[in-house]
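Below: one structure, written as structure tokens.
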Amino acid sequence: MNQKLKPASRLSVVFILVVVLSGSILTWFSINNISNQKVLTEKRIQEEQRELTARFSDVLQKQIENVTAGFSNEISSIDVLKDSLNKKAGENDFISQSFILKNNGDFIYPNFTGISDNIIKPKFSSRFKSTFNEGEKAEFAENNLKSAREKYLQCLQISTAKIDSVKALNAVGRVSIKLKEYENAIQQYNSICLNYSDISDENGVPYIYYAVPQLLKITNAGNLVKQLPVFESVFEKMEKGEILLNFNTKDWLTQSVKSLQEIAVNNPGELDNVKSLERHILQQLQFVEEYRSALSELLKKGSLDQFLNAGNDYKVVRSFSGNSQKLLLINTNFTNPAGFLIDSEKLFETLNKTELQLGFEFDYIIEFVSGYHSNSAGQNLIYTSQLNPWFPGQMLQIKPANENLIKDLVQRRSWIYGISTLLLLVAMVLGVVLIVRDILREKHLARLQSDFISNVTHELKTPLTSISMFAESMLLKRVKKDSDKDEYLSIILKESERLKRMINNILEFSKLEKGKSEYHFAPTNLASLVTMAIHEFDYWFEKEGFEVVSELDNQIEAKVDPEKMKQVFENLLNNAIKYSTLTKKITTRLYLNTNYIHIEFEDSGIGISEKEQAHIFEKFYRINHKESVSGTGLGLTVVKEIVEAHNGKIEVSSEVGKGSKFSIILNQQTE
């Protein structure tokens, strides 16, 4: 017949059913929630993408309007207009180049001129011409350099205009180099660079184009520091449009900077400013090369009404270079047409740095692609739209920064719900385990308590039987000899002391369990205390034939509870007696090691296995040994509690069949 379920078992079954049912419901809702969350997230992403597109378009419009704002159509001064344009370019790194044109399409800024038949020849006085020709004859035909220098110096003295002076200075510098009078040559060419940089010769070539290469020939590491500001001054004037650019400027500039790099090979950092100026000048030359013809044709048509308006009278003109990433903003209402070249890539980078995505739940990557890209192949999280009429063919593409956003979301939710379900399962199993453990523990404690009662009964019965037997013998006058009477009385006394020790252990354990144990600490000589404990067992040592060896330091004192500590020593000695079989030897030691007091009780008994060593201090625990040894299972429990109450610790080292050693370790200042 089947047994009915016990209350604890029924509780476990109910617990499991409740947890499984709730876990199943939670799992169903989790799966349903994951599916709904995926759809809602996709919709939210699409909404944010459309809003981000609108924001980008608005910011783009405002950025262009900001660039074109602040100019007056009445500006007539070229320098004022140029400064205003350059200021705007400096404030916005996406402006590749600002420019000013003549009405025929020629450049005013950048200051560029090509090959022209309309070069205005400079006029020199007859005296200047005559003297200069004599100098050239002496220099080139007669190779009389000193005479040539004198003639050129005379030309310098009789010059009446800058064009005369710079021509003479250039000749004097050239002859000085031939004469190896380098300091004089440097002086002449520095004067040209600093004072005559805007003067051109009969062929329309600025004299600066002659002066700089000559200076570079006689510049070295020793005088570079002094000469570098002169070169920087020339390049700065060239960048600002004060020095004419032509078709030879690129090669001339590249070669000049290369020569400077060779001179400053050991200190390349000195040329950082020069390299920056070179980059800007080359950028101007590239702009002129790409747009010179197209701008000229554009202005010849007159009206720009067919182009889109960017605001503030500026028209948006697509790039003429074939690069759809560039566009021109041009205003023809100025006295001189002017405008900007915009690099859209840098413009978009600038816009991306603004707080476009502020307030959005997700992060996005904004890209600019050519042509329309359909959202096929499952790419429903990629949003593509027309960028702006100013950039035909350019599409704005927005996609989540995390391409696996939905997948990760689903996976993350799956993990969360999966872990929750697993934790629920673990909690269920743990709950069952805890219930079963509690049941087993209660059964184990019940068994231990039953064994304890049985053992205590047996332990108490043995000395009581001996006391009763010997006392009865004496009472009935069966013992005639005085020596026998003394022996009987001694046995009765020792059995009484044994009985007392057992009762003391039981009482002490009861106090420890209730937390009512009291300690009375006092300075105590530990050697005397150990000796007293040993003498309590003199009868048993003699009766059982024990050899007791004491190695005690008589000078060691500690603040302990004498009665409690004596009880510890007696329990350890009692165990040593009980668990010794063939070899009956007990060794006690008391010594000081650094600041710690060591008290050791070593026997040569049956020993304790490693497995049991971890349990011998547990209440009611008794060693399972083939040789039956009586006991209550409380002695070592009491020992451990008392030692720890003295802020000490007890250790055991043992080997089966060879004996055990219990070591009590106390701090020298134990209180």
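Here the structure is a predicted model, which means the values were calculated and not measured.
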Distance-minimising heavy-atom pair for [X] and [Y]:
X: Asn111; Y: Glu242; value: ND2-C, 4.4 Å
X: Lys275; Y: Gln261; value: CE-NE2, 3.2 Å
X: Tyr196; Y: Ser165; value: OH-CB, 3.7 Å
X: Glu65; Y: Asn312; value: O-ND2, 3.4 Å

Do [X] and [Y] have side-chain N/O donor and acceptor atoms under 3.5 Å apart?
X: Glu183; Y: Gln187; result: no
X: Gln46; Y: Glu42; result: no
X: Asn86; Y: Ser98; result: yes
X: Asn184; Y: Ser176; result: yes
X: Thr249; Y: Tyr209; result: yes
X: Asn190; Y: Gln227; result: yes

Which class fits the ring pair [X] and [Y]: parallel under 30°, tilted 30 to 60°, perpendicular over 60°?
X: Phe132; Y: Tyr152; result: tilted
X: Tyr364; Y: Phe362; result: perpendicular
X: Phe107; Y: Phe99; result: perpendicular

* Do Tyr210 and Tyr189 have ring centres separated by under 6.0 Å? ->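 Centroid distance Tyr210-Tyr189: not below 6.0 Å, so no.
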
* To do: Take Phe348 and Phe368 through the ring-ring contact (aromatic ring centres under 6.0 Å, His included) test and state the conclusion after the steps.
  => CA-CA 9 Å; Phe348 300 153; Phe368 309 94; 3.8 Å; yes

Is it the case that atom [atom1] in [X] sees more than 12 heavy atoms from other parts of the structure closer than 6.0 Å?
X: Gln306; atom1: CD; value: yes
X: Lys178; atom1: NZ; value: yes
X: Glu289; atom1: CD; value: no
X: Lys240; atom1: NZ; value: no
X: Glu262; atom1: CD; value: yes
X: Lys250; atom1: NZ; value: no

* Structure fact -> In Lys123, Lys129, Lys167, the residue satisfying salt bridge (charged side-chain N to carboxylate O under 4.0 Å, His left out) with Glu202 is Lys167

Using 0.5 Å steps for rounding, measure from the [atom1] atom of [X] to the [atom2] atom of [Y].
X: Thr219; Y: Gln214; atom1: OG1; atom2: CD; result: 11.0 Å
X: Leu224; Y: Leu216; atom1: CG; atom2: CG; result: 9.5 Å
X: Glu236; Y: Asn273; atom1: CD; atom2: CG; result: 6.0 Å
X: Asn248; Y: Leu253; atom1: CG; atom2: CG; result: 12.0 Å

* Does NZ or CZ of Arg55 come closer than 6.0 Å to the centre of the six-membered ring of Phe360, within 45° of the ring's axis? ->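 Positive - Arg55 is close enough to the ring of Phe360 and near enough to its axis.
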
* Run the salt-bridge test on Glu48 and Arg44 with the 4.0 Å N-O cut-off and return the result as yes or no. => yes

* Among Ile330, Leu328, Leu85, Ile64, which residue meets the side-chain contact (heavy atoms from CB on, under 4.5 Å) test with Phe340? ->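 Checked Ile330, Leu328, Leu85, Ile64 against Phe340; only one passes side-chain contact (heavy atoms from CB on, under 4.5 Å): Leu85.
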
* Side-chain donor or acceptor of Asn170 paired with backbone N/O of Val166 under 3.5 Å -> no

